[in-house]
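Below is one structure, written out as structure tokens, with a few remarks after it.
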Amino acid sequence: MEKKFVRGFNLSKTLESGQFFNYYSLDQQGYLVVDGGCFFEVRQENEKILFKGNCSEEHIIHLFSLDKPYDLILKSISKDNNVGKAISDNYGLRIMRQDLWQCVISFICSSVSNVPRIRSNIIHLSELFGKKLSNDGYAFHLFPSFDTLCKVDEKDIAKAGMGFRAKYVKEAALWFSEGRHLGLKNLNHSMAREHLMEIKGIGRKIAECICLFSLGFDDAFPVDVWIKREMERMYFKGKSTKIDEIESFGKEYFGRYCGWAQEFLFHNARTRKN
DNA sequence: CTGCAGGTGGGTA
DNA sequence: TACCCACCTGCA
């Protein structure tokens with residue numbers, strides 16, 4: 001196991017916050033994390049993370065955004081008691097930057113769905129089409145490549161249980177195999193979002209998720225029904241408000257790290273009792 | 001059994 | 001532009 005000292009990081013909260021789906025719980029608060037073709041075992045002991053796998057420390061730092069100025073970010077989005085409380089309840093939660101292809105498929109699967117089901121879709125896709133590996137006496141699968149999935153029949157993709165989204169998964173695989181994703185990392189936020197929306201099954205909200213959870217645009221602000229309800233309650237006196245209006249309010253109010261504010265509010269709304 | 005869920009695309013006025 | 005509704009499937 002390699003070790004790394006970390007501050008302002010909570011592994012469990014980050015992995016289980018609904019931004020990332022390809023992980024398995026192991027014994028002793030450990031996880032197996034799969035990020036595209038990369039995998040590692042990881043666990044946290046206070047301000048130390050222990051990890052072992054086929055990817056570098058740099059990859060893990062990038063994946064968990066450990067290179068970003070956490071306390072500065074928190075300070076910049078701490079506008080009021082609503083976010084302040086969400087932050088203190090979830091200190092250590094970070095935005096990840098996961099493998100682009102895996103992120104695209106995960107969020108295509110997210111429409112009108114829920115976290116357990118999205119995880120199930122991703123894991124089934126991996127079991128059906130991803131490379132099988134063994135590690136310390138257990139087996140798991142890498143996430144299948146787009147080159148693999150673009151040769152698979154849509155009907156077979158659907159066996160992973162994503163229903164009507166299977167055709168969008170297939171379309172995304174073809175889009176990637178044509179190399180359409182290659183320039184994405186050089187585009188600015190709004191160009192990248194527009195480009196992603198060329199894929200059927202990716203609209204505004206999912207494109208923003210990919211910008212935030214893979215491409216590292218800290219000012220992406222996806223508005224789903226959870227955030228919508230939460231922000232209507234907090235900032236619009238409970239009045240039903242258009243998604244566009246909530247998005248522009250969020251960007252204006254929270255500033256260049258508004259995506260991080262979104263994640264804290266989202267997590268807060270989703271885990272609230274009752 | 002019915003109804004609904006972390007959106008989107010396609011159709012209509 | 002602004003609505004409406006079907007869409008797979010799992011789970012209440």
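Predicted model, so just to flag it, every value in this text is computed and none were measured.
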Quiz item: Checking all strands, does A:F266 fall into the base, sugar-phosphate, or nothing category for heavy-atom contacts under 4.0 angstrom?
Solution: base
Exercise. Name the nucleic acid region contacted by A:S113, choosing base, sugar-phosphate or nothing; use a 4.0 angstrom heavy-atom cut-off, strictly under.
Key: base
Salt-bridge contact [X]-[Y] (side-chain N to carboxylate O under 4.0 Å):
X	Y	value
A:E45	A:R43	yes
A:E171	A:K167	no
A:R229	A:E232	no
A:R204	A:E208	no

Quiz item: Which residues satisfy the side-chain contact (heavy atoms from CB on, under 4.5 Å) test with A:Q29, sequence neighbours excluded?
Solution: none
Quiz prompt | Whole-Å C1' distance, B:dT8 and C:dC11 | solution = 23 Å
Quiz item: If we take the P atom in both C:dC8 and B:dG11, what is their distance in whole Å?
Solution: 15 Å
Quiz item: Tell me, what's DNA chain C's dot-bracket, Watson-Crick or G-U with both distances under 3.5 Å, | for other-strand, [ ] crossing?
Solution: |||||||.||||
Self-check item: Qualifying residues under ring pair (Phe, Tyr, Trp, His ring centres under 6.0 Å), relative to A:F9, sequence neighbours excluded
Solution: A:F64
Practice problem: Identify, with sequence neighbours excluded, every residue that meets ring pair (Phe, Tyr, Trp, His ring centres under 6.0 Å) alongside A:F254. | Solution: none
Exercise. Summarise how protein sits on nucleotides 8-13 of chain B as a single string, 5' to 3': B when a protein heavy atom is under 4.0 Å from the base, S for sugar-phosphate-only contact, - for no contact.
Key: SSS---
Quiz item: Reading nucleotides 6-12 of chain C 5' to 3', which nucleotides get B (base under 4.0 Å from a protein heavy atom), which S (sugar-phosphate only), which -?
Solution: -BBB---
Quiz prompt | For atom CG of A:D244 and atom C1' of C:dC3, their distance in whole Å | solution = 14 Å
Practice problem: Give the rounded distance in Å between these two atoms: CG of A:N121 and P of B:dA5. | Solution: 18 Å
Quiz item: So, for A:Q44 and A:V6, which heavy atoms are closest and what is the spacing to 0.1 Å?
Solution: NE2-CG2, 4.2 Å
Exercise. For the pair A:F140 and A:Y23, evaluate ring pair (Phe, Tyr, Trp, His ring centres under 6.0 Å) and give the outcome as yes or no after the intermediate values.
Key: CA-CA 10 Å; A:F140 64 97; A:Y23 63 89; over 10 Å; no
Quiz item: Can you list the steps and then say if A:Y70 with A:Y257 is a ring pair (Phe, Tyr, Trp, His ring centres under 6.0 Å)?
Solution: CA-CA 11 Å; A:Y70 194 63; A:Y257 290 107; over 10 Å; no
Exercise. Could you walk me through whether A:H181 and A:F146 pass the ring pair (Phe, Tyr, Trp, His ring centres under 6.0 Å) test, one step at a time?
Key: CA-CA 11 Å; A:H181 63 294; A:F146 51 81; 5.2 Å; yes
